[in-house]
Protein chains: 2
Amino acid sequence: MPGRTPEPGEDPREIPDATIVRLPLYHRALMALDRAGESTVSSEQLASIAGVNAAKVRKDLSYFGSFGTRGVGYDVPQLLSEVRAHLGIQRSRNCIVVGAGHLGTALLTFAGFADRGFSVVAAVDVDPDRVGSRIGGIEVGHQDDLDRLVRENDVVIALLSTPPEAAQQVADDLVAAGVRSILNFAPTLIEAPEEVVVRNVDLASELEILAFHEGRRDNEVAPAS
Amino acid sequence: MPGRTPEPGEDPREIPDATIVRLPLYHRALMALDRAGESTVSSEQLASIAGVNAAKVRKDLSYFGSFGTRGVGYDVPQLLSEVRAHLGIQRSRNCIVVGAGHLGTALLTFAGFADRGFSVVAAVDVDPDRVGSRIGGIEVGHQDDLDRLVRENDVVIALLSTPPEAAQQVADDLVAAGVRSILNFAPTLIEAPEEVVVRNVDLASELEILAFHEGRRDNEVAPAS
DNA sequence: CCAACTTTGTGAATTCTTGCACGAGGGCGG
DNA sequence: CCGCCCTCGTGCAAGAATTCACAAAGTTGG
(Lines give C-alpha, C1' and ligand atoms only; values in the text may rest on other atoms or scores of the structure.)
Protein backbone atom coordinates (compact mmCIF):
# COMPACT_ATOMS: atom_id res chain seq x y z
CA MET A 1 0.00 0.00 0.00
CA PRO A 2 2.78 2.52 0.70
CA GLY A 3 3.83 2.35 -2.94
CA ARG A 4 7.34 1.05 -2.70
CA THR A 5 9.47 2.41 -5.50
CA PRO A 6 10.18 -0.64 -7.60
CA GLU A 7 13.75 0.32 -8.38
CA PRO A 8 15.39 -2.38 -10.44
CA GLY A 9 18.54 -2.97 -8.41
CA GLU A 10 17.48 -1.23 -5.25
CA ASP A 11 18.82 -3.56 -2.63
CA PRO A 12 20.45 -6.93 -2.50
CA ARG A 13 17.55 -8.55 -0.66
CA GLU A 14 14.19 -6.96 -1.10
CA ILE A 15 12.03 -7.54 1.96
CA PRO A 16 8.37 -8.19 1.09
CA ASP A 17 5.70 -5.96 2.60
CA ALA A 18 4.05 -8.90 4.29
CA THR A 19 7.29 -9.65 6.09
CA ILE A 20 7.76 -6.06 7.16
CA VAL A 21 4.48 -5.98 9.02
CA ARG A 22 5.51 -9.10 10.90
CA LEU A 23 8.90 -7.82 11.99
CA PRO A 24 7.38 -5.89 14.90
CA LEU A 25 5.81 -9.11 16.14
CA TYR A 26 9.19 -10.77 16.18
CA HIS A 27 10.66 -7.74 17.85
CA ARG A 28 8.09 -7.93 20.60
CA ALA A 29 8.56 -11.66 21.03
CA LEU A 30 12.34 -11.38 21.11
CA MET A 31 12.22 -8.64 23.71
CA ALA A 32 10.10 -10.87 25.91
CA LEU A 33 12.49 -13.78 25.45
CA ASP A 34 15.49 -11.61 26.14
CA ARG A 35 13.91 -10.22 29.28
CA ALA A 36 13.19 -13.78 30.38
CA GLY A 37 16.86 -14.58 29.95
CA GLU A 38 16.45 -17.03 27.09
CA SER A 39 19.60 -17.18 25.03
CA THR A 40 18.31 -19.14 22.05
CA VAL A 41 14.98 -19.71 20.42
CA SER A 42 13.77 -22.00 17.67
CA SER A 43 11.58 -20.88 14.82
CA GLU A 44 8.85 -23.01 16.32
CA GLN A 45 8.95 -21.24 19.67
CA LEU A 46 9.24 -17.81 18.14
CA ALA A 47 6.30 -18.61 15.89
CA SER A 48 4.14 -19.63 18.77
CA ILE A 49 4.92 -16.46 20.73
CA ALA A 50 4.35 -14.25 17.74
CA GLY A 51 1.23 -16.07 16.64
CA VAL A 52 2.36 -17.13 13.20
CA ASN A 53 3.71 -20.40 11.83
CA ALA A 54 7.26 -21.62 11.90
CA ALA A 55 7.84 -21.78 8.17
CA LYS A 56 6.90 -18.14 7.87
CA VAL A 57 9.27 -17.17 10.65
CA ARG A 58 12.17 -18.90 8.95
CA LYS A 59 11.37 -17.44 5.57
CA ASP A 60 10.97 -13.97 7.02
CA LEU A 61 14.23 -14.12 8.95
CA SER A 62 16.04 -15.52 5.95
CA TYR A 63 15.55 -12.22 4.13
CA PHE A 64 18.25 -10.70 6.21
CA GLY A 65 20.71 -13.53 6.06
CA SER A 66 21.46 -16.68 7.93
CA PHE A 67 21.52 -16.20 11.65
CA GLY A 68 20.25 -19.46 12.95
CA THR A 69 22.34 -22.46 13.86
CA ARG A 70 20.87 -25.68 12.61
CA GLY A 71 19.94 -28.07 15.33
CA VAL A 72 19.76 -25.23 17.85
CA GLY A 73 17.84 -22.20 16.70
CA TYR A 74 18.54 -18.49 16.79
CA ASP A 75 20.63 -16.53 19.25
CA VAL A 76 18.19 -14.24 20.97
CA PRO A 77 20.33 -11.12 21.55
CA GLN A 78 21.85 -11.34 18.11
CA LEU A 79 18.53 -11.78 16.38
CA LEU A 80 17.01 -9.01 18.44
CA SER A 81 19.75 -6.66 17.38
CA GLU A 82 19.36 -7.75 13.79
CA VAL A 83 15.63 -7.14 13.81
CA ARG A 84 16.17 -3.74 15.40
CA ALA A 85 18.71 -2.83 12.77
CA HIS A 86 16.34 -3.69 9.98
CA LEU A 87 13.49 -1.83 11.61
CA GLY A 88 15.71 1.21 11.80
CA ILE A 89 15.31 1.63 15.53
CA GLN A 90 18.81 1.05 16.82
CA ARG A 91 18.69 4.57 18.06
CA SER A 92 15.43 6.08 19.18
CA ARG A 93 13.26 8.06 16.77
CA ASN A 94 11.51 11.23 17.78
CA CYS A 95 7.78 11.66 17.43
CA ILE A 96 5.28 14.44 17.76
CA VAL A 97 1.64 14.08 18.72
CA VAL A 98 -0.68 16.41 16.85
CA GLY A 99 -4.02 16.84 18.55
CA ALA A 100 -4.06 16.47 22.29
CA GLY A 101 -7.60 15.24 22.84
CA HIS A 102 -8.30 11.99 24.62
CA LEU A 103 -6.54 9.91 22.01
CA GLY A 104 -3.60 12.29 21.87
CA THR A 105 -3.38 12.12 25.64
CA ALA A 106 -3.35 8.35 25.50
CA LEU A 107 -0.52 8.50 22.98
CA LEU A 108 1.42 10.99 25.09
CA THR A 109 1.17 8.88 28.20
CA PHE A 110 1.57 5.49 26.58
CA ALA A 111 4.40 3.72 28.31
CA GLY A 112 5.05 1.20 25.59
CA PHE A 113 6.82 3.37 23.04
CA ALA A 114 10.18 3.89 24.71
CA ASP A 115 11.04 0.18 24.78
CA ARG A 116 10.22 -0.16 21.18
CA GLY A 117 12.47 2.60 19.97
CA PHE A 118 10.32 5.71 19.98
CA SER A 119 10.35 8.83 21.99
CA VAL A 120 7.48 11.27 22.00
CA VAL A 121 9.14 14.65 22.35
CA ALA A 122 6.46 17.18 21.49
CA ALA A 123 2.75 17.77 21.15
CA VAL A 124 0.55 20.49 19.71
CA ASP A 125 -3.11 21.38 19.68
CA VAL A 126 -5.28 24.33 18.69
CA ASP A 127 -7.50 24.44 21.74
CA PRO A 128 -6.29 27.27 24.05
CA ASP A 129 -7.39 25.24 27.07
CA ARG A 130 -4.95 22.53 26.19
CA VAL A 131 -2.06 24.59 24.90
CA GLY A 132 0.40 25.16 27.71
CA SER A 133 -0.72 22.19 29.77
CA ARG A 134 1.60 19.30 30.46
CA ILE A 135 0.57 15.77 29.52
CA GLY A 136 2.83 12.86 30.28
CA GLY A 137 5.72 15.22 30.89
CA ILE A 138 5.35 16.98 27.55
CA GLU A 139 4.22 20.56 27.26
CA VAL A 140 1.51 20.99 24.67
CA GLY A 141 2.48 23.68 22.20
CA HIS A 142 0.30 25.58 19.80
CA GLN A 143 -0.35 24.30 16.33
CA ASP A 144 1.42 27.38 14.96
CA ASP A 145 4.63 26.22 16.57
CA LEU A 146 4.48 22.90 14.82
CA ASP A 147 7.15 23.74 12.28
CA ARG A 148 9.56 24.98 14.91
CA LEU A 149 8.94 22.06 17.26
CA VAL A 150 9.50 19.55 14.50
CA ARG A 151 12.75 21.13 13.41
CA GLU A 152 14.14 21.83 16.85
CA ASN A 153 13.45 18.34 18.11
CA ASP A 154 14.49 16.42 15.06
CA VAL A 155 11.07 14.86 14.74
CA VAL A 156 10.67 12.34 11.95
CA ILE A 157 7.36 10.68 12.80
CA ALA A 158 4.02 12.29 13.53
CA LEU A 159 1.05 10.77 15.32
CA LEU A 160 -1.96 12.50 13.88
CA SER A 161 -4.89 12.46 16.27
CA THR A 162 -6.91 15.48 15.25
CA PRO A 163 -10.53 15.47 14.12
CA PRO A 164 -10.85 14.32 10.51
CA GLU A 165 -11.70 17.80 9.20
CA ALA A 166 -8.31 19.10 10.28
CA ALA A 167 -6.27 16.10 9.23
CA GLN A 168 -5.29 17.09 5.69
CA GLN A 169 -4.19 20.58 6.66
CA VAL A 170 -2.15 19.23 9.53
CA ALA A 171 -0.61 16.63 7.29
CA ASP A 172 0.42 19.30 4.81
CA ASP A 173 2.02 21.30 7.59
CA LEU A 174 3.84 18.25 8.87
CA VAL A 175 5.20 17.45 5.45
CA ALA A 176 6.29 21.05 5.01
CA ALA A 177 8.09 20.85 8.33
CA GLY A 178 10.02 17.82 7.17
CA VAL A 179 8.20 14.94 8.81
CA ARG A 180 8.64 11.80 6.78
CA SER A 181 6.21 9.35 8.31
CA ILE A 182 2.69 9.84 9.55
CA LEU A 183 0.54 7.55 11.61
CA ASN A 184 -2.95 8.78 10.91
CA PHE A 185 -5.71 8.06 13.39
CA ALA A 186 -8.24 10.33 11.72
CA PRO A 187 -10.86 8.42 9.77
CA THR A 188 -10.16 10.12 6.50
CA LEU A 189 -7.80 9.67 3.60
CA ILE A 190 -4.83 11.98 3.72
CA GLU A 191 -2.77 12.84 0.69
CA ALA A 192 0.95 13.20 0.95
CA PRO A 193 3.90 13.21 -1.41
CA GLU A 194 5.10 9.79 -2.39
CA GLU A 195 8.23 9.94 -0.26
CA VAL A 196 6.19 10.44 2.90
CA VAL A 197 4.86 7.18 4.28
CA VAL A 198 1.37 7.29 5.75
CA ARG A 199 -0.21 4.50 7.73
CA ASN A 200 -3.78 4.60 8.86
CA VAL A 201 -5.28 3.30 12.07
CA ASP A 202 -9.02 3.62 11.91
CA LEU A 203 -10.59 2.20 15.03
CA ALA A 204 -14.09 2.13 13.63
CA SER A 205 -12.82 0.19 10.63
CA GLU A 206 -11.30 -2.40 12.90
CA LEU A 207 -14.61 -2.82 14.63
CA GLU A 208 -16.38 -3.17 11.32
CA ILE A 209 -14.07 -5.98 10.34
CA LEU A 210 -14.98 -7.74 13.56
CA ALA A 211 -18.65 -7.07 12.89
CA PHE A 212 -18.33 -8.67 9.49
CA HIS A 213 -17.35 -11.92 11.11
CA GLU A 214 -20.11 -11.53 13.69
CA GLY A 215 -22.58 -11.13 10.87
CA ARG A 216 -21.36 -14.30 9.27
CA ARG A 217 -22.26 -16.21 12.38
CA ASP A 218 -25.59 -14.57 13.15
CA ASN A 219 -27.25 -15.74 10.03
CA GLU A 220 -27.03 -15.75 6.34
CA VAL A 221 -26.35 -12.20 5.21
CA ALA A 222 -29.69 -10.60 4.52
CA PRO A 223 -29.16 -8.37 1.50
CA ALA A 224 -30.76 -4.98 1.53
CA SER A 225 -34.19 -5.10 -0.05
CA MET B 1 -5.34 -14.67 9.46
CA PRO B 2 -8.50 -15.42 11.47
CA GLY B 3 -8.45 -18.96 10.06
CA ARG B 4 -11.61 -19.11 7.99
CA THR B 5 -13.08 -22.56 8.03
CA PRO B 6 -12.63 -23.74 4.48
CA GLU B 7 -15.97 -25.50 4.24
CA PRO B 8 -16.49 -26.86 0.74
CA GLY B 9 -19.86 -25.34 -0.09
CA GLU B 10 -19.99 -22.81 2.67
CA ASP B 11 -21.61 -19.85 1.03
CA PRO B 12 -22.69 -18.85 -2.43
CA ARG B 13 -20.19 -16.01 -2.69
CA GLU B 14 -17.11 -16.24 -0.56
CA ILE B 15 -15.69 -12.81 0.18
CA PRO B 16 -11.87 -12.74 0.26
CA ASP B 17 -10.11 -11.44 3.35
CA ALA B 18 -8.42 -8.70 1.39
CA THR B 19 -11.80 -7.42 0.33
CA ILE B 20 -13.20 -7.53 3.84
CA VAL B 21 -10.59 -5.18 5.16
CA ARG B 22 -11.45 -2.71 2.43
CA LEU B 23 -15.19 -2.70 3.05
CA PRO B 24 -14.85 -0.23 5.92
CA LEU B 25 -13.07 2.15 3.58
CA TYR B 26 -15.96 2.02 1.19
CA HIS B 27 -18.36 2.43 4.05
CA ARG B 28 -16.58 5.57 5.17
CA ALA B 29 -16.44 6.95 1.66
CA LEU B 30 -20.10 6.23 0.99
CA MET B 31 -21.17 7.90 4.21
CA ALA B 32 -19.29 11.00 3.18
CA LEU B 33 -20.88 10.96 -0.27
CA ASP B 34 -24.32 10.40 1.18
CA ARG B 35 -23.87 13.25 3.63
CA ALA B 36 -22.80 15.43 0.73
CA GLY B 37 -26.04 14.56 -1.03
CA GLU B 38 -24.46 12.65 -3.91
CA SER B 39 -26.89 10.17 -5.34
CA THR B 40 -24.55 8.20 -7.57
CA VAL B 41 -20.88 7.46 -7.63
CA SER B 42 -18.59 5.77 -10.14
CA SER B 43 -16.02 3.19 -9.23
CA GLU B 44 -13.41 5.73 -10.20
CA GLN B 45 -14.66 8.36 -7.76
CA LEU B 46 -15.20 5.88 -4.98
CA ALA B 47 -11.71 4.56 -5.53
CA SER B 48 -10.17 7.97 -5.25
CA ILE B 49 -12.00 8.75 -2.01
CA ALA B 50 -11.13 5.42 -0.50
CA GLY B 51 -7.54 5.51 -1.69
CA VAL B 52 -7.54 2.37 -3.81
CA ASN B 53 -7.88 1.77 -7.53
CA ALA B 54 -11.05 1.51 -9.54
CA ALA B 55 -10.65 -2.06 -10.73
CA LYS B 56 -10.34 -3.19 -7.16
CA VAL B 57 -13.47 -1.34 -6.15
CA ARG B 58 -15.48 -2.98 -8.89
CA LYS B 59 -14.13 -6.42 -8.14
CA ASP B 60 -14.76 -5.98 -4.43
CA LEU B 61 -18.31 -4.79 -4.90
CA SER B 62 -19.02 -7.53 -7.37
CA TYR B 63 -18.73 -10.09 -4.59
CA PHE B 64 -22.09 -9.11 -3.34
CA GLY B 65 -23.86 -8.91 -6.64
CA SER B 66 -24.44 -6.36 -9.35
CA PHE B 67 -25.53 -3.04 -8.04
CA GLY B 68 -24.05 -0.62 -10.47
CA THR B 69 -25.67 0.69 -13.60
CA ARG B 70 -23.36 0.72 -16.54
CA GLY B 71 -22.71 4.11 -17.92
CA VAL B 72 -23.69 5.73 -14.63
CA GLY B 73 -22.19 4.17 -11.56
CA TYR B 74 -23.56 3.03 -8.24
CA ASP B 75 -26.54 4.36 -6.35
CA VAL B 76 -25.08 5.78 -3.16
CA PRO B 77 -27.85 5.01 -0.65
CA GLN B 78 -28.39 1.55 -2.04
CA LEU B 79 -24.73 0.70 -2.04
CA LEU B 80 -24.33 2.12 1.43
CA SER B 81 -27.08 -0.08 2.69
CA GLU B 82 -25.61 -3.06 0.93
CA VAL B 83 -22.18 -2.50 2.45
CA ARG B 84 -23.74 -2.09 5.87
CA ALA B 85 -25.66 -5.31 5.47
CA HIS B 86 -22.53 -7.21 4.59
CA LEU B 87 -20.61 -5.66 7.43
CA GLY B 88 -23.35 -6.79 9.78
CA ILE B 89 -24.01 -3.32 11.14
CA GLN B 90 -27.54 -2.64 10.00
CA ARG B 91 -28.42 -2.47 13.62
CA SER B 92 -25.92 -1.19 16.10
CA ARG B 93 -23.63 -3.59 17.95
CA ASN B 94 -22.86 -3.19 21.62
CA CYS B 95 -19.31 -2.91 22.88
CA ILE B 96 -17.58 -2.90 26.22
CA VAL B 97 -14.31 -1.18 27.04
CA VAL B 98 -12.09 -3.15 29.39
CA GLY B 99 -9.45 -1.03 31.05
CA ALA B 100 -10.31 2.61 31.58
CA GLY B 101 -6.86 4.15 31.45
CA HIS B 102 -6.00 6.88 29.00
CA LEU B 103 -6.60 4.70 26.00
CA GLY B 104 -9.82 3.31 27.44
CA THR B 105 -10.95 6.85 28.09
CA ALA B 106 -10.22 7.77 24.52
CA LEU B 107 -12.26 4.82 23.34
CA LEU B 108 -15.13 5.72 25.66
CA THR B 109 -15.28 9.28 24.46
CA PHE B 110 -14.57 8.63 20.81
CA ALA B 111 -17.37 10.22 18.82
CA GLY B 112 -16.78 8.25 15.67
CA PHE B 113 -18.21 4.88 16.65
CA ALA B 114 -21.94 5.64 16.68
CA ASP B 115 -22.05 6.59 13.00
CA ARG B 116 -20.27 3.46 12.05
CA GLY B 117 -22.65 1.11 13.78
CA PHE B 118 -21.20 0.66 17.24
CA SER B 119 -22.37 1.66 20.63
CA VAL B 120 -20.13 1.54 23.66
CA VAL B 121 -22.46 0.58 26.47
CA ALA B 122 -20.20 -0.42 29.34
CA ALA B 123 -16.71 -0.16 30.78
CA VAL B 124 -14.81 -1.86 33.56
CA ASP B 125 -11.50 -1.40 35.35
CA VAL B 126 -9.80 -2.75 38.44
CA ASP B 127 -8.49 0.51 39.84
CA PRO B 128 -10.78 1.64 42.71
CA ASP B 129 -10.12 5.25 41.77
CA ARG B 130 -11.66 4.73 38.40
CA VAL B 131 -14.49 2.37 39.29
CA GLY B 132 -17.65 4.36 39.82
CA SER B 133 -16.52 7.36 37.80
CA ARG B 134 -18.34 8.34 34.65
CA ILE B 135 -16.43 8.67 31.39
CA GLY B 136 -18.18 9.78 28.26
CA GLY B 137 -21.53 9.11 29.84
CA ILE B 138 -20.68 5.55 30.84
CA GLU B 139 -20.23 4.49 34.43
CA VAL B 140 -17.08 2.47 34.93
CA GLY B 141 -17.90 -0.82 36.63
CA HIS B 142 -15.58 -3.17 38.45
CA GLN B 143 -13.83 -5.94 36.62
CA ASP B 144 -15.76 -8.43 38.75
CA ASP B 145 -19.00 -7.23 37.19
CA LEU B 146 -17.74 -7.90 33.71
CA ASP B 147 -19.79 -11.04 33.22
CA ARG B 148 -22.99 -9.40 34.37
CA LEU B 149 -22.42 -6.25 32.32
CA VAL B 150 -21.75 -8.23 29.18
CA ARG B 151 -24.86 -10.35 29.59
CA GLU B 152 -27.20 -7.59 30.66
CA ASN B 153 -26.19 -5.29 27.86
CA ASP B 154 -26.01 -7.82 25.08
CA VAL B 155 -22.38 -6.99 24.43
CA VAL B 156 -20.78 -8.82 21.53
CA ILE B 157 -17.54 -6.90 21.02
CA ALA B 158 -14.87 -6.01 23.56
CA LEU B 159 -12.23 -3.33 23.31
CA LEU B 160 -9.34 -4.58 25.37
CA SER B 161 -7.18 -1.75 26.64
CA THR B 162 -5.60 -3.18 29.76
CA PRO B 163 -1.88 -3.52 30.43
CA PRO B 164 -0.44 -6.52 28.61
CA GLU B 165 0.01 -8.56 31.79
CA ALA B 166 -3.72 -8.59 32.39
CA ALA B 167 -4.80 -9.12 28.81
CA GLN B 168 -4.99 -12.90 28.68
CA GLN B 169 -6.98 -13.20 31.87
CA VAL B 170 -9.39 -10.53 30.75
CA ALA B 171 -9.75 -12.20 27.39
CA ASP B 172 -10.61 -15.47 29.07
CA ASP B 173 -13.25 -13.75 31.17
CA LEU B 174 -14.68 -12.06 28.13
CA VAL B 175 -14.95 -15.30 26.25
CA ALA B 176 -16.57 -16.96 29.23
CA ALA B 177 -19.09 -14.14 29.35
CA GLY B 178 -20.01 -14.76 25.73
CA VAL B 179 -18.14 -12.03 23.88
CA ARG B 180 -17.42 -13.15 20.36
CA SER B 181 -15.03 -10.51 19.04
CA ILE B 182 -12.11 -8.80 20.69
CA LEU B 183 -10.16 -5.79 19.56
CA ASN B 184 -6.92 -6.12 21.45
CA PHE B 185 -4.79 -3.05 22.07
CA ALA B 186 -2.42 -4.77 24.47
CA PRO B 187 0.94 -5.53 22.90
CA THR B 188 0.78 -9.23 23.55
CA LEU B 189 -0.64 -12.27 21.86
CA ILE B 190 -3.93 -13.39 23.31
CA GLU B 191 -5.26 -16.89 22.88
CA ALA B 192 -8.92 -17.49 22.31
CA PRO B 193 -11.10 -20.30 21.02
CA GLU B 194 -11.33 -20.47 17.27
CA GLU B 195 -14.86 -19.12 17.10
CA VAL B 196 -13.83 -15.90 18.81
CA VAL B 197 -12.30 -13.43 16.42
CA VAL B 198 -9.41 -11.40 17.75
CA ARG B 199 -7.87 -8.43 15.98
CA ASN B 200 -4.80 -6.68 17.26
CA VAL B 201 -3.94 -3.02 17.18
CA ASP B 202 -0.41 -2.51 18.40
CA LEU B 203 0.56 1.11 18.20
CA ALA B 204 4.23 0.50 18.71
CA SER B 205 4.18 -2.01 15.87
CA GLU B 206 2.66 0.57 13.58
CA LEU B 207 5.45 2.96 14.43
CA GLU B 208 8.02 0.28 13.80
CA ILE B 209 6.65 -0.28 10.34
CA LEU B 210 7.03 3.42 9.66
CA ALA B 211 10.53 3.31 11.08
CA PHE B 212 11.40 0.52 8.70
CA HIS B 213 10.71 2.80 5.78
CA GLU B 214 12.59 5.63 7.46
CA GLY B 215 15.54 3.34 7.82
CA ARG B 216 15.42 2.51 4.17
CA ARG B 217 15.87 6.15 3.30
CA ASP B 218 18.48 7.05 5.89
CA ASN B 219 21.13 4.80 4.50
CA GLU B 220 21.91 1.32 3.58
CA VAL B 221 20.87 -0.90 6.45
CA ALA B 222 23.87 -1.38 8.66
CA PRO B 223 23.72 -4.97 9.85
CA ALA B 224 24.55 -5.66 13.46
CA SER B 225 28.21 -6.46 13.89
C1' DC C 1 34.84 -40.32 15.70
C1' DC C 2 30.45 -41.77 14.33
C1' DA C 3 25.50 -42.03 14.26
C1' DA C 4 21.22 -40.24 15.62
C1' DC C 5 18.70 -36.23 16.23
C1' DT C 6 17.35 -31.52 15.75
C1' DT C 7 16.38 -27.40 13.33
C1' DT C 8 17.58 -24.27 9.74
C1' DG C 9 17.25 -22.46 4.96
C1' DT C 10 15.11 -22.78 0.62
C1' DG C 11 13.34 -24.65 -3.92
C1' DA C 12 8.86 -25.80 -5.64
C1' DA C 13 3.90 -26.15 -5.48
C1' DT C 14 -0.16 -23.84 -4.10
C1' DT C 15 -3.19 -20.33 -2.98
C1' DC C 16 -4.45 -15.54 -2.73
C1' DT C 17 -4.45 -10.93 -4.64
C1' DT C 18 -3.98 -7.52 -7.97
C1' DG C 19 -4.52 -5.26 -12.29
C1' DC C 20 -5.44 -5.26 -17.10
C1' DA C 21 -8.29 -5.10 -20.83
C1' DC C 22 -12.35 -5.64 -22.99
C1' DG C 23 -17.14 -7.20 -23.88
C1' DA C 24 -21.82 -6.22 -22.32
C1' DG C 25 -25.28 -3.13 -21.05
C1' DG C 26 -27.49 0.97 -20.15
C1' DG C 27 -28.22 6.12 -20.62
C1' DC C 28 -28.41 10.27 -23.49
C1' DG C 29 -28.14 13.50 -27.36
C1' DG C 30 -29.55 14.20 -31.85
C1' DC D 1 -35.47 5.64 -32.48
C1' DC D 2 -30.64 5.08 -33.33
C1' DG D 3 -25.93 5.29 -32.50
C1' DC D 4 -22.38 7.07 -29.47
C1' DC D 5 -20.39 7.19 -25.14
C1' DC D 6 -19.71 5.87 -20.59
C1' DT D 7 -18.97 2.64 -16.83
C1' DC D 8 -19.75 -1.80 -14.93
C1' DG D 9 -18.59 -6.71 -14.45
C1' DT D 10 -15.27 -10.26 -15.20
C1' DG D 11 -11.98 -13.68 -17.48
C1' DC D 12 -7.29 -13.98 -17.50
C1' DA D 13 -2.55 -13.32 -16.67
C1' DA D 14 0.97 -11.53 -13.69
C1' DG D 15 2.62 -11.08 -9.19
C1' DA D 16 2.78 -11.91 -4.03
C1' DA D 17 2.49 -14.54 -0.18
C1' DT D 18 2.01 -18.86 2.05
C1' DT D 19 2.94 -23.51 2.90
C1' DC D 20 5.13 -27.82 2.17
C1' DA D 21 8.74 -30.82 2.38
C1' DC D 22 13.41 -32.02 2.42
C1' DA D 23 18.44 -31.65 1.94
C1' DA D 24 22.12 -29.43 4.41
C1' DA D 25 24.37 -28.48 8.51
C1' DG D 26 25.32 -28.41 13.12
C1' DT D 27 25.00 -30.62 18.00
C1' DT D 28 25.17 -34.18 21.32
C1' DG D 29 25.73 -38.66 23.42
C1' DG D 30 28.03 -42.91 23.24
Side-chain angles (χ1 to χ4, degrees), chain A residues 1-8 10-23 25-26 30 33 38-76 78-79 82-83 209, chain B residues 1-8 10-23 25-26 30 33 38-76 78-79 82-83 209:
Chain A
M1 198 172 292
R4 304 271 303 91
T5 325
E7 295 276 287
E10 192 194 43
D11 213 273
R13 294 167 291 252
E14 191 58 44
I15 300 184
D17 280 351
T19 293
I20 296 166
V21 309
R22 282 189 295 268
L23 291 183
L25 296 181
Y26 304 146
L30 287 165
L33 288 163
E38 300 290 327
S39 62
T40 63
V41 64
S42 69
S43 59
E44 200 71 57
Q45 291 174 275
L46 189 49
S48 105
I49 302 175
V52 300
N53 75 32
K56 218 178 318 201
V57 168
R58 292 200 296 276
K59 180 84 78 178
D60 284 343
L61 298 184
S62 77
Y63 288 111
F64 40 89
S66 276
F67 291 99
T69 17
R70 301 175 185 216
V72 177
Y74 302 89
D75 182 79
V76 170
Q78 185 191 7
L79 189 54
E82 200 61 35
V83 169
I209 295 166
Chain B
M1 199 173 290
R4 305 268 306 92
T5 326
E7 295 276 287
E10 190 193 44
D11 214 272
R13 295 168 290 253
E14 192 59 43
I15 301 184
D17 280 352
T19 294
I20 295 167
V21 309
R22 282 188 295 267
L23 290 183
L25 297 181
Y26 303 146
L30 287 165
L33 288 163
E38 300 290 329
S39 62
T40 63
V41 64
S42 70
S43 60
E44 199 71 56
Q45 290 172 275
L46 190 49
S48 106
I49 302 174
V52 301
N53 76 29
K56 218 177 318 201
V57 168
R58 292 199 297 276
K59 181 89 77 178
D60 284 344
L61 297 185
S62 77
Y63 288 111
F64 39 91
S66 276
F67 292 97
T69 15
R70 300 173 188 220
V72 177
Y74 301 90
D75 180 78
V76 170
Q78 184 191 7
L79 189 55
E82 200 61 36
V83 170
I209 295 165

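Just so we're clear, the structure is a prediction, and the values are computed from it rather than from any experiment. Every chain is numbered from 1, with letters handed out A, B, ... down the list of sequences.
Side-chain contact check for A:L61 versus A:L46: some heavy-atom pair is nearer than 4.5 Å. At a threshold of 4.5 Å between non-hydrogen side-chain atoms, the residues A:Y74 and A:Q45 do not count as touching. At a threshold of 4.5 Å between non-hydrogen side-chain atoms, the residues B:F64 and B:L23 count as touching.
Within the 4.0 Å cut-off from OP1 or OP2 of D:dT19, at least one side-chain nitrogen or oxygen of A:N53 is found. Distances shorter than 4.0 Å separate some side-chain N or O of A:Y74 from OP1 or OP2 on C:dG9. Neither OP1 nor OP2 of D:dT7 sits under 4.0 Å from any side-chain N or O of B:S43. For the pair A:S66 and C:dG9, the criterion of a side-chain N or O lying under 4.0 Å from OP1 or OP2 is met. Contact annotation: B:R22 side-chain N/O to C:dT18 OP1/OP2 distance is under 4.0 Å.
Put simply, CD1 on A:I15 is 14 Å from P on D:dT18, counting in whole angstrom units. Atom P of nucleotide C:dT8 and atom CD of A:E44 are separated by 8 Å, given to the nearest angstrom. For the pair B:R58 CZ and C:dG25 C1', the interatomic distance rounds to 14 Å; values are reported in whole Å. Spacing between atom CG of A:L46 and atom P of C:dT6 amounts to 20 Å, rounded to whole angstrom units. Here D:dA17 presents its P atom at 16 Å from CG of A:L61, a figure rounded to the nearest Å. For the pair A:E14 CD and D:dA17 P, the interatomic distance rounds to 10 Å; values are reported in whole Å. When rounded to the nearest whole Å, the span between CG of A:D75 and P of D:dG26 equals 16 Å. To the nearest angstrom, C1' of C:dG11 lies 12 Å from OH of A:Y63.
Across the interface with DNA chain D, nearest-nucleotide mapping of A:R70 and A:D60 shows A:D60 to be the residue nearer the 5′ end. Residue order along DNA chain C, read from the 5' end via each residue's closest nucleotide, puts A:V72 first among A:V72 and A:A55.
Here the options are B:R58, B:K59, B:K56, the test is side chain to side chain donor-acceptor pair (under 3.5 Å), and the partner is B:S43; only B:R58 passes.
Of the candidate nucleotides C:dG26, D:dC20, D:dT18, D:dT18 has the atom lying nearest to any side-chain atom of A:K56. Comparing atom distances between the B:D17 side chain and each of C:dT17, C:dG27, D:dT10 picks out C:dT17 as nearest.
With rounding to the nearest 0.5 Å, the separation of CG in B:L33 from OH in B:Y26 is 13.5 Å.
At a cut-off of 3.5 angstrom, the base of C:dG19 holds at least one donor-acceptor pair with the side chain of B:K59.
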